[in-house]
Amino acid sequence: MAILNVNPTRMELQGLKRKLVTARRGHKLLKDKRDELMRIFLEMVRENRALRVEVEAALTASNRHMAVARGVMPREALDAALMLPKQALELEITEKNVMSVLIPVYQAKFRTADENDIYSYGYAFTSSDLDDAVASLADVLPKLIRLAEVEKSCQLMAAEIEKTRRRVNALEHVMIPQYEETIRYITMKLDENERSATTRLMKVKDMMLQAAHEYA
Amino acid sequence: MYKVAVMGDLDSIVGLSALGLEIFPTEQADEAARLLKQLAGSGYAVIYVTEALAASIPEEIARYRYERVPAIILIPGIGGNTGAGLENVRVSVEKAVGMDILN
């Protein structure tokens with residue numbers, strides 16, 4: 001590992017030591033953040049997976065009903081039956097802060113409270129398969145919304161985890177070793193300077209003694 | 001207040017309109033890309049897209065992956081389940097963990 005390009009002085013040494021302490025503390029904090037994010041993420045992604053399997057199965061079933069309805073009703077009649085929905089869905093988004101990742105929480109709001117308002121048509125001219133299709137969709141709707149919430153959260157958290165992991169790795173494998181080696185380099189250089197100063201002094205002292213003896 | 005949209009071929013999504021979701025039937029990739037951009041910028045929090053349609057506009061969908069709004073969620077269409085939705089979950093896991101550990 002390359003050392004930093006610094007002057008081997010006491011001031012630099014002190015600065016580096018301080019930086020190393022900060023880097024170590026940051027590394028520990030980020031590692032904790034990563035671990036906790038990962039724990040929550042894995043929980044969520046499991047839920048995401050289970051929800052997805054469930055929702056996809058329900059939608060496929062509903063599509064089957066719809067296909068039958070298409071078969072027994074004229075196309076125009078079916079489209080007309082669903083053309084003007086009575087119900088309207090709106091979402092309110094609040095945010096939850098999970099380890100500094102803002103994940104969305106959706107609150108569904110329907111225009112009318114009556115759950116039968118999903119049938120936007122009279123029953124006289126439509127097939128019961130259409131009713132089945134719409135009813136099964138209505139059953140799965142809360143899960144569909146929850147799926148959106150969980151899946152978005154997973155995507156946002158995955159991005160954050162990746163970022164945090166990179167930071168942890170950069171600190172652990174680049175910054176901290178670099179600081180440590182530079183500190184060692186400066187310490188050695190300073191020690192070496194001190195030793196050479198000592199030898200120089202001893203030499204000078206010898207020379208002065210010698211000179212003094214010759215005069216005597 | 002945010003709204004919820006559904007994109008895909010009409011047959012796959014028409015039922016969802018009864019529940020109060022707004023449907024935007026389309027089957028062409030270029031039209032879908034334009035529509036998605038328009039919806040994303042006009043107050044839709046969740047956009048459900050059929051897997052078949054999503055397969056034709058992967059870049060446009062990837063663009064919103066790490067945005068807070070909208071959430072683009074794949075759903076199986078009338079043509080059957082292609083597994084693209086679960087694949088998306090796998091991508092998230094791989095990004096976070098480095099490899100797919102849930103299988």
Side-chain angles (χ1 to χ4, degrees), chain A residues 37-38 41-42 45-46 48-49 52-53 55-57 59-60 62-63 65-67 70 78-79 82-83 85-93 95 102 104 106 108-111 117-121 130 133-134 137-138 141 144-145 147-149 151-152 154-162 165, chain B residues 1-6 8 10-23 25 43-48 50-51 62 64-98 100-103:
Chain A
L37 267 178
M38 191 65 96
F41 175 78
L42 285 178
V45 97
R46 285 209 177 91
N48 187 350
R49 210 169 246 266
R52 195 155 250 298
V53 170
V55 165
E56 284 183 357
L59 284 180
T60 313
S62 159
N63 275 338
H65 286 302
M66 192 58 92
R70 284 240 180 255
L78 197 153
D79 289 345
L82 294 170
M83 203 162 59
K86 278 194 221 166
Q87 191 60 276
L89 170 66
E90 286 196 324
L91 287 184
E92 197 168 334
I93 305 185
E95 278 172 342
L102 294 175
Y106 299 141
K109 291 233 166 73
F110 294 98
R111 187 166 59 196
D117 276 348
I118 54 171
Y119 304 110
S120 57
Y121 45 85
L130 182 60
V134 172
L137 280 177
L141 185 63
L144 204 57
I145 293 170
L147 174 72
E149 187 178 293
E151 194 152 314
K152 190 81 219 174
C154 280
Q155 289 170 356
L156 293 174
M157 283 173 80
E160 184 71 17
I161 288 176
E162 196 194 26
R165 203 182 53 214
Chain B
M1 282 303 244
Y2 291 89
K3 293 169 281 184
V4 181
V6 194
L10 183 65
D11 287 358
S12 299
I13 63 175
V14 72
L16 287 165
S17 74
L19 306 179
L21 285 71
E22 290 175 46
I23 60 170
Y44 287 88
V46 182
I47 304 174
Y48 295 102
T50 58
E51 287 172 353
Y64 299 107
R65 194 178 172 90
Y66 302 110
E67 301 282 322
R68 241 170 20 76
V69 175
I72 296 180
I73 308 296
L74 305 191
I75 54 172
I78 210 156
N81 189 345
T82 61
L86 276 174
E87 170 68 16
N88 246 333
V89 180
R90 206 183 59 75
V91 167
S92 279
V93 175
E94 241 183 59
K95 188 175 173 69
V97 186
D100 185 15
I101 54 168
L102 291 185
N103 278 326

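Among the candidates Q155(A), R52(A), R46(A), the single residue satisfying the side chain to side chain contact (heavy atoms under 4.5 Å, CB included) test with V89(B) is R52(A).
Taking a 6.0 Å sphere around OH of Y2(B), one finds it holds 12 or fewer heavy atoms contributed by other residues, nucleotides or ligands.
Contact tally against chain B (heavy-atom pairs below 4.5 Å) for L156(A), L144(A), I145(A): the top residue is L144(A).
Across V46(B) and A148(A), no two heavy atoms sit closer than the pair CG1-CB, 3.6 Å. Here the closest non-hydrogen pair linking E56(A) and P76(B) is CG-CD, 3.7 Å.
Distance CG/L16(B) to OG/S62(A): 7.0 Å, rounded to 0.5 Å. Rounding to the nearest 0.5 Å gives a distance of 9.5 Å between NZ of K152(A) and OH of Y66(B). To the nearest 0.5 Å, atoms CG (N48(A)) and OG (S92(B)) are separated by 7.0 Å. Going from atom OG1 of T50(B) over to atom CG of L59(A) covers 11.0 Å, rounded to the nearest 0.5 Å. Note that CG of L10(B) is 5.5 Å distant from CZ of R70(A), once rounded to the nearest 0.5 Å. Note: I13(B) CD1 to M66(A) CE = 10.5 Å, rounded to the nearest 0.5 Å.
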Run the side chain to side chain contact (heavy atoms under 4.5 Å, CB included) check on K3(B) and L91(A) step by step: do they pass? CA-CA 6 Å; K3(B) 293 169 281 184; L91(A) 287 184; over 6 Å; no
Does I161(A) form a side chain to side chain contact (heavy atoms under 4.5 Å, CB included) with V97(B)? I'd like the steps, not just the answer. CA-CA 8 Å; I161(A) 288 176; V97(B) 186; over 6 Å; no
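Applying the salt bridge (Lys or Arg N to Asp or Glu O under 4.0 Å) rule to pairs touching residues 13-23 of chain B yields nothing, sequence neighbours excluded.
Of the two parts of V91(B), neither the backbone nor the side chain holds a non-hydrogen atom closer than 4.5 Å to a non-hydrogen atom of chain A. With a 4.5 Å cut-off on non-hydrogen atoms, E95(A) touches chain B through its side chain but not through its backbone. Proximity to chain B (any heavy atom under 4.5 Å) is restricted, for L141(A), to the side chain, taken from C-beta onward. Of the two parts of A133(A), neither the backbone nor the side chain holds a non-hydrogen atom closer than 4.5 Å to a non-hydrogen atom of chain B. Using a 4.5 Å cut-off between heavy atoms, L74(B) contacts chain A through both its backbone and its side chain.
Side-chain contact between L19(B) and L89(A) is absent, with no heavy atoms from C-beta onward closer than 4.5 Å.
Here the side chain of N63(A) pairs a donor or acceptor atom with the backbone of G77(B) at under 3.5 angstrom. Panel note: side chain R165(A), backbone A96(B); a donor-acceptor pair is recorded below 3.5 Å.
Looking at residues two or more places apart in sequence or on another chain, you find a ring-ring contact (aromatic ring centres under 6.0 Å, His included) between Y44(B) and F24(B).
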